[in-house]
Amino acid sequence: MIIMEEELEVKKTPTTKFAEWLMARAEKKEQKETSLESLMKFNVFLSIATLVTVAGATVADYILMAWTWL
């Protein structure tokens, strides 16, 4: 029985090869989407950090101007 299972695994029909190719392609696509998702998250983080930095610098300038005026 084990010998027959091994023989079945060795013989790959064109349909089996095509199915394996489709599965590998789907896995690669999923990995690519995950990579794009992480890049999008990093982009959002970087945008927020830039806005906070610019806003913080502006607030610091106004505070410095108010302090020197007093």
Side-chain angles (χ1 to χ4, degrees):
M1 180 141 176
I2 296 173
I3 296 171
M4 291 186 72
E5 288 178 8
E6 289 177 4
E7 288 178 6
L8 289 176
E9 290 179 14
V10 172
K11 294 180 182 178
K12 292 186 179 181
T13 63
T15 306
T16 307
K17 290 178 185 178
F18 180 69
E20 289 175 353
W21 176 79
L22 278 179
M23 294 290 287
R25 183 176 150 205
E27 288 175 6
K28 288 179 184 177
K29 187 175 182 181
E30 188 175 303
Q31 289 174 351
K32 186 177 180 181
E33 287 175 357
T34 304
S35 176
L36 288 175
E37 187 175 300
S38 64
L39 283 175
M40 286 174 41
K41 288 180 183 177
F42 179 69
N43 189 14
V44 169
F45 167 74
L46 203 58
S47 298
I48 291 171
T50 303
L51 288 174
V52 167
T53 304
V54 170
T58 305
V59 169
D61 285 343
Y62 285 133
I63 290 173
L64 187 61
M65 282 189 280
W67 185 66
T68 54
W69 196 6
L70 293 176

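Worth knowing before you read on, the calculation uses all heavy atoms, side chains too, and leaves out hydrogens, waters and symmetry mates.
Legend: residues meeting ring-ring contact (aromatic ring centres under 6.0 Å, His included) with Trp67, ordered by chain and number and at least two apart, are absent. For Thr50, there are no side-chain hydrogen bond (donor to acceptor under 3.5 Å, both in side chains) partners two or more places apart in sequence or in a different chain. Every residue meeting the side chain to side chain contact (heavy atoms under 4.5 Å, CB included) condition with Ile63, not counting sequence neighbours, appears here in chain and number order: Val59. For Lys17, there are no salt bridge (charged side-chain N to carboxylate O under 4.0 Å, His left out) partners two or more places apart in sequence or in a different chain. Applying the salt bridge (charged side-chain N to carboxylate O under 4.0 Å, His left out) criterion to Glu27, with sequence neighbours excluded, gives no partner residue. Partners of Ile48 by side chain to side chain contact (heavy atoms under 4.5 Å, CB included), not counting sequence neighbours, listed by chain and number: Val44, Val52.
Listed by first and then second residue, the salt bridge (charged side-chain N to carboxylate O under 4.0 Å, His left out) pairs involving residues 45-67 amount to none (not counting sequence neighbours). Residue pairs meeting the salt bridge (charged side-chain N to carboxylate O under 4.0 Å, His left out) criterion with at least one partner in residues 41-55, sequence neighbours excluded, are Glu37-Lys41.
Listed by chain and number, the hydrophobic cluster partners of Phe45 are Phe42, Leu46, where partners are ILVMFWY side chains within reach of under 4.5 Å, directly or through others. Met40 belongs to no hydrophobic cluster with other residues, because no ILVMFWY side-chain heavy atom falls under 4.5 Å from its own, directly or through intermediates. In this structure, Tyr62 shares a hydrophobic cluster with Met65, the cluster being traced through Ile, Leu, Val, Met, Phe, Trp and Tyr side chains under 4.5 angstrom apart. Taking a 4.5 Å side-chain heavy-atom cut-off between Ile, Leu, Val, Met, Phe, Trp and Tyr, the cluster of Val54 contains only that residue.
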### Message
Quick one, Asn43 with Ser47, criterion side-chain contact (heavy atoms from CB on, under 4.5 Å). Give me CA distance, side-chain angles, the key distance, then yes/no.
### Response
CA-CA 6 Å; Asn43 189 14; Ser47 298; 3.7 Å; yes
